[in-house]
Amino acid sequence: MYGKAFAPEYRGALGELSVNSSLEEVLAKAIEQQRRAQLRGTAVESAHAALAVAEASRRLGRVAEAERAWKASYRAARQAGDEGAMAWAVWSGGTLARQRGALALARRLLALAAGLAERGGDVVARGYSLAGLAETGRIQGDYQAVGELHEQLLAEARRRGEARHTVWALEGIAQMHRNTGSYDTALAMFEEAAEIAGGADDARGRAWALRGIADVLSLRGETARALELLTEAEATCRRMRLVSALAYNHKMRGNVLFRAGRFEEARATYGGVLEEFRAMDEPRGAALATLGLVKARARLGRAAEETAADLEALRRTLGGLGLLHARDMVDAARAELGLTDAPTAPVR
């Protein structure tokens, strides 16, 4: 039913690159192709090469380079009058904005990308842009608004036999089920995503799916199996240099250790993860790692009033990132830690 996964963000002369290509390899080839295209004065090839530079840089956590590259891609695409290429560039910019925690900007850019793709007749770019909008809404916690879009994109991906997008949609829907307590449904969808990704040779998609499976198994108390799956996914992230995915893998390891009552290991893991996210300027990940760190320190004896103050600061940080469920996240942590006095300060 599904063919081999492909990477449509690698375009033009870079179209032969695999979805599993090392990001360092992608970056080196893209920079060289961008240089050649600029020398030849071929704007559309410059746009394609700069897009690959942007995506490789983003996934490597090099946000300043990614920012410059997607804008260069857009300028070259606009010079060429290619709305499809313009859409891909703006999609990359929107994805980077989401990664950096600028969720409102991400929504604006991704909506713009979807419009450009539709006018340019690029069905795949439109699908990726709509998927980006759906994922941004999901991260914000706006499940009601984006749940239907996830299901629509899943149906379209299944119909076209697009393995990579099917895996993405399954993982997104599974995450919403997991977050709302439907663990059996979430586990089945994560497992299906892992199976499809494995069959389509989509190593990145499989790594994310394994992280989801590990999360649900951990909630059921299957700590050893969860840690095994995270170790398998970590090997993929390291091989492909998926810096952001690796940091989220490590954060999940902290979660698994915390749930198992291994609080000192969890504290050390969260502390390392926090530095990973800070190094790549990813504030949402940093805030979530801090939340885990606060909880681990509380279990290790940190004073209740200090923990409460930390959680109140996190409430403001998470709310400031546009996470609609920030209050619920912090209140759940307070309840879990036995801090029953409700805070009065609003989310800002």
Side-chain angles (χ1 to χ4, degrees), residues 57-66 96-103 106 139-141 175 179 207-208 211-212 214-215 218 223 226-227 230-231 233-238 241-323 325-334 336-337 339 347-348:
S57 297
R58 178 180 68 79
R59 291 165 179 159
L60 286 165
R62 302 171 187 173
V63 294
E65 293 92 331
L96 176 64
R98 183 177 66 239
Q99 180 172 310
R100 299 181 74 174
L103 300 181
I139 287 171
Q140 287 184 291
Q175 190 65 48
N179 290 349
W208 279 107
R211 176 182 175 275
D215 184 21
S218 170
T223 302
L227 292 174
L230 289 172
T231 297
E234 178 174 347
T236 297
C237 295
R238 289 191 181 280
R241 295 293 309 277
L242 301 173
V243 176
S244 180
L246 181 62
Y248 277 103
N249 177 289
H250 289 160
K251 188 187 77 67
M252 182 57 66
R253 183 174 290 274
N255 292 354
V256 171
L257 293 169
F258 181 88
R259 292 167 190 158
R262 294 159 63 172
F263 300 126
E264 182 55 45
E265 292 175 81
R267 184 204 61 76
T269 301
Y270 285 130
V273 171
L274 180 57
E275 293 308 311
E276 290 180 66
F277 282 125
R278 284 175 173 168
M280 69 182 80
D281 189 22
E282 193 161 336
R284 173 176 166 267
L288 294 174
T290 300
L291 178 59
L293 188 58
V294 168
K295 290 167 59 177
R297 285 173 172 167
R299 292 299 193 194
L300 290 168
R302 186 173 174 81
E305 61 271 18
E306 293 176 344
T307 299
D310 289 341
L311 289 175
E312 188 59 25
L314 267 172
R315 178 198 294 269
R316 291 191 293 271
T317 298
L318 291 164
L321 292 173
L323 300 181
H325 57 313
R327 183 182 297 273
D328 293 340
M329 291 171 65
V330 173
D331 286 351
R334 290 177 62 86
E336 183 180 356
L337 297 173
L339 303 173
V347 176
R348 298 185 187 277

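Rounding to the nearest 0.5 Å gives a distance of 10.0 Å between CZ of R297 and CD of E306. For the atom pair CD of Q175 and CD1 of I139, the computed distance is 9.5 Å after rounding to the nearest 0.5 Å. If you take SG on C237 and CZ on R211, they are separated by 10.0 Å, rounding to the nearest 0.5 Å. Atom-to-atom distance recorded for E305:CD and D310:CG is 10.5 Å, nearest 0.5 angstrom. Rounding to the nearest 0.5 angstrom, the gap separating the CG atom in N179 from the CG atom in D328 is 11.0 Å. L227 CG to E265 CD: the interatomic distance, rounded to the nearest 0.5 Å, is 8.5 Å.
Contact annotation: the side chain of L323 approaches that of L103 to within less than 4.5 Å [non-hydrogen atoms, C-beta and beyond]. Taking 4.5 Å as the limit, every side-chain heavy atom of F263 sits out of range of all side-chain heavy atoms of L257. Using a 4.5 Å heavy-atom cutoff, the side chains of E234 and L246 are in contact. Side chains of R98 and Q140 form no contact here, defined as non-hydrogen atoms less than 4.5 Å apart.
Judged purely by atom type and a 3.5 angstrom limit, N249 uses its side chain to pair as donor or acceptor with the backbone of L230.
Below 30°, between 30° and 60°, or above 60°: for F277 and Y248 the angle between ring planes is above 60°, a perpendicular geometry.
Here the shortest heavy-atom pairing between L60 and V243 reads O-CG2, 3.3 Å. Residues T223 and R262 come closest through the heavy atom pair CG2-NH1, 4.1 Å. Closest non-hydrogen pair, M329 versus L288, comes out as CE-CD2, 3.2 Å. Considering every non-hydrogen atom in both K251 and V273, the closest pair reads N-CG2, 3.6 Å. Here the shortest heavy-atom pairing between A233 and A207 reads CB-O, 3.6 Å. The minimum heavy-atom distance between A287 and L314, with the atom names listed, is O-CD2, 3.5 Å.
Between the side chains of R253 and T231, a donor-acceptor pair is found at a separation under 3.5 Å. Defined by atom type and a distance below 3.5 Å, a donor-acceptor pair is present between the side-chain atoms of R259 and S218. A donor atom on one side chain and an acceptor atom on the other are not found under 3.5 Å apart for S244 and Q99.
The side-chain contact (heavy atoms from CB on, under 4.5 Å) test applied to T307 returns V294, A298, R302, L311, L337, L339, not counting sequence neighbours. By the side-chain contact (heavy atoms from CB on, under 4.5 Å) test, A64 is found to be paired with R68, residues two or more places apart in sequence or in another chain being considered.
Both tests hold for K295 against F258: distance to the six-membered ring centre under 6.0 Å, angle to the ring axis within 45°.
Salt bridge R62/E65: absent, no basic N to carboxylate O contact under 4.0 Å.
Screening residues 266-276 for salt bridge (charged side-chain N to carboxylate O under 4.0 Å, His left out), with sequence neighbours left out, gives E264-R267, E275-R278.
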